[in-house]
Amino acid sequence: MSDNVSSGSESPTRAFTVETDATATYWRKGPQDTLPPPDMMGPYMRNHPVPVEAVDGRKAWIIGSGIAGLAAAFYMIRDGRMKGEDITILDTMDIAGGSLDGAGNAEEGYIVRGGREMNWNYDNFWDLFQDVPALELPAGFSVLDEYRQVNDNDPNYSKSRLMHQQGKIRDFATLGLSKSHQWELIRLLLRRKEDLDDITIEAYFSESFFETNFWYLWRSMFAFENWQSLLEMKLYMHRFLDAIDGMADMSTLVFPKYNQYDSFVVPLARLLQDKGVKIQFNTRVHDVDLQIRGDEKTVTGLRALVDGQETTIPVHPNDLVFALTGSMTEGTAYGDMDTVPVLERGLHEPGEESDWTLWRNLARKSPVFGRPDKFYGDVKGSMWESATLTCRPSPFVDKLKELSVNDPYSGKTVTGGVITFTDSNWVLSFTCNRQPHFPTQPDEVLVIWVYALLMDKEGNYVKKPMPACTGREILAELCYHLGIVEQLDAIALNTKVRLALMPYITAQFMPRAAGDRPHVVPEGCTNLGLLGQFVETSNDIIFTMESSVRTARIAVYTLLKLPKQVPDISPTQYDIRTIFKAARAINNGEPFPGERLLHRLLDKTYFSHILPPLPKKEEADGDDFGNDLSGLFGKGSEALHKITDWLEKFRANLGWKRT
């Protein structure tokens, strides 16, 4: 019997394991296995569950109006059949969206603290947004429809992904991995998750690995630091295994038309408010009243500052509470063209007025709520800075045109993702997404996003660490790496820079062990679910909108006892085609060991299409096949002769001869 169904339950309301885990056990079909495999996607999973328990009269309180909180409200309405007016979202800020932000104007300068790279396998995210009315398309179309229209007609790719030597494009045609580097990656894929607690990336890989194209592409695309979690890197490799062959030129990615606030928050918040959901701003929930009876933990009240006044919001035991743990963008310090951002958070303690306080107070009540200090306790290890450039025509825009796939003013893909300077002391990157980046942005204005990973190194041109620089100095460092620093004055005259220094932006990547992050619904909790980037899921990664939506969906289905599963991450990691093409990509585009043998074995069979095509120079060259076998078994070996003879007999039995 599959682990997805509780054994011994034969009633129509049999218990469901809401959060499935494809790695937990072997799944097979039997008469009692009415549920699909744990990672099955597709229309069969689109069923609307019939609620087991009544929802009328129940209230829901959601702490945080980021994508996780908005998604929780959405799933309570769509799948839980709750009334929107029974749902209240509480937020510290005065605008919805959390870390999905985007603001400003052309005169003062626009600002986005971060960007969002997405792919096709964000299955929970697309499940949500296929039911959210589109931002701009007519009634009847969804945000997903809008997204597909943009990306189907404007493919994403980069022609300048890596740069060096002040304006020169560095060859990124291959991942640049030696055989020993390749084996390091393969061994990591094979390692058990349970064996990687508190191990850092730099403790595992060889020093030379960190100078490969692969690492520059990987770290700048996903924002990994050498000292962060090896376990999280492994999980990323499994989730994006199907995308590794498109990682170099970023053709594996899809991007929204506008910034993430306008693209996602605006249409989703509009839908929820139309359904009656209330969003209460200027409300910082810093603690909960928790009634503990044996193993059961029930929230009975929320302690909050509402417009600066201490308040207790009563919670009935039958009501629901969904809370964000931690925050990537909490404590952001801002700067501009002439102002350096100044952090107001300690390097090891965020203070009682931070958005970490709720999680800290929960953790003091029970170990099931995890150890937040593992994530917020080292700002130097989790901090990086971004800059948003508001640009009018200048020599910078002229240089941008040289590096872009399409004219920046065309409305189509521009750089196709970040361009990274591999010889930058800061590991500086910048990107220009489709323009306009904001719906009301003037035609002659471009919005550029810049970020760097290393905060303790002096710049190559500006001899300061990035956090000590003004916007003008960061612009100078960027122009230096583009080879146009001599035109800085003309560029600065037509450019506005706004800065965001974020102390916890990669806190979720810090080394961790089992128990450091709480489960979405911690053990014993009867009416409390935890959301966001600092909770434990079976196999999914963090630092994505998909993981935020997944945690919300798990929490809603679990607390409402809905008979519906949240599938594990896409099963493409197990697809033999994915494994083959990933092996080819990791081998720098060359046939991997044994691949030619597989071509000989499957040539002219129904399954020949699962293999990447051999290089054209090899199509009629039998020596490469022999060399591949020799490499596997050794020249002149008995095994080599046996496998060759067996292959010839196999092909003869299929009715054709070797050509």
Are [X] and [Y] side-chain neighbours, meaning at least one heavy-atom pair lies under 4.5 Å?
X: Pro567; Y: Asp39; value: no
X: Gln565; Y: Met45; value: yes
X: Phe255; Y: Glu117; value: yes
X: Ile67; Y: Val265; value: no

Salt bridge or not between [X] and [Y]? Use side-chain N to carboxylate O under 4.0 Å.
X: Arg192; Y: Asp195; value: yes
X: Arg550; Y: Glu19; value: no
X: Asp249; Y: Arg161; value: no
X: Arg46; Y: Asp127; value: yes
X: Asp540; Y: Arg239; value: yes
X: Glu590; Y: Arg584; value: no

What distance separates [X] [atom1] from [Y] [atom2], expressed to the nearest 0.5 Å?
X: Asp575; Y: Ile610; atom1: CG; atom2: CD1; result: 8.5 Å
X: Ser424; Y: Leu454; atom1: OG; atom2: CG; result: 8.0 Å
X: Leu241; Y: Gln573; atom1: CG; atom2: CD; result: 7.0 Å
X: Lys234; Y: Leu190; atom1: NZ; atom2: CG; result: 7.0 Å

Discussion item. For the residue pair Ser208 / His181, report whether a side-chain donor-acceptor contact shorter than 3.5 Å exists.
Written reply: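 There is such a pair between these side chains.
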Worksheet item: Quick one: do the Glu136 and Tyr258 side chains pair a donor with an acceptor below 3.5 Å?
Response: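 A pair is found: one side chain offers a donor N or O, the other an acceptor, under 3.5 Å apart.
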So which heavy atom on [X] is nearest to which on [Y], and how close?
X: Leu196; Y: Arg191; result: CD2-NH2, 3.7 Å
X: Val418; Y: Ser429; result: CB-CB, 4.0 Å
X: Gly102; Y: Val112; result: CA-CG1, 3.6 Å
X: Gln228; Y: Ala223; result: OE1-O, 3.9 Å
X: Ala22; Y: Asn539; result: N-ND2, 4.0 Å

Worksheet entry | Any donor-acceptor pair under 3.5 Å from Tyr574 side chain to Ile579 backbone |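 No; zero donor-acceptor contacts below 3.5 Å.
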Worksheet item: Should Arg219 and Glu225 be marked as a salt bridge (Lys or Arg N to Asp or Glu O under 4.0 Å) after you check the CA-CA gap, both sets of side-chain angles, and the distance that decides it?
Response: CA-CA 7 Å; Arg219 73 183 311 194; Glu225 306 279 22; 3.6 Å; yes
Hey, would you say the [X] and [Y] ring centroids sit under 6.0 Å apart?
X: Phe222; Y: Phe240; answer: yes
X: Tyr236; Y: Phe224; answer: yes
X: Phe129; Y: Tyr147; answer: no

Fill in: Residue that, paired with Lys168, satisfies side-chain contact (heavy atoms from CB on, under 4.5 Å) out of Arg170, His164, Gln166
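For Lys168, the side-chain contact (heavy atoms from CB on, under 4.5 Å) test succeeds with only one of Arg170, His164, Gln166, which is His164.
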Worksheet item: Just one of Leu400, Thr431, Thr415, Thr388 clears the side-chain contact (heavy atoms from CB on, under 4.5 Å) bar with Ile448, so which one?
Response: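 It is Leu400; the other options fail the test.
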Item to complete: Would you please test Asp152 and Arg148 for salt bridge (Lys or Arg N to Asp or Glu O under 4.0 Å) and show each step?
Response: CA-CA 6 Å; Asp152 290 356; Arg148 286 292 303 269; 3.1 Å; yes
Practice prompt. Kindly indicate, with the supporting measurements, whether the criterion side-chain contact (heavy atoms from CB on, under 4.5 Å) is fulfilled by Met221 and Leu253.
Written response: CA-CA 11 Å; Met221 179 174 172; Leu253 300 178; 3.5 Å; yes
Is the ring pair [X]/[Y] parallel, tilted or perpendicular, if the boundaries are 30 and 60 degrees?
X: Phe421; Y: Phe430; value: parallel
X: Phe125; Y: Tyr122; value: perpendicular
X: Trp218; Y: Phe214; value: parallel
X: Phe205; Y: Trp215; value: tilted

Item to complete: Output, in order, the C-alpha distance, side-chain angles, deciding distance and verdict of side-chain contact (heavy atoms from CB on, under 4.5 Å) for His238 and Leu189.
Response: CA-CA 7 Å; His238 287 282; Leu189 284 167; 3.7 Å; yes
Item to complete: Apply the test side-chain contact (heavy atoms from CB on, under 4.5 Å) to residues Ile201 and Ser229: give CA-CA distance (whole Å), side-chain angles for both, the deciding distance (0.1 Å), then the verdict.
Response: CA-CA 6 Å; Ile201 296 168; Ser229 171; over 6 Å; no
Worksheet item: Should we say atom CZ of Phe607 is surrounded by more than 12 heavy atoms from elsewhere, each under 6.0 Å from it?
Response: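 Not buried by this count: 12 neighbours or fewer within 6.0 Å.
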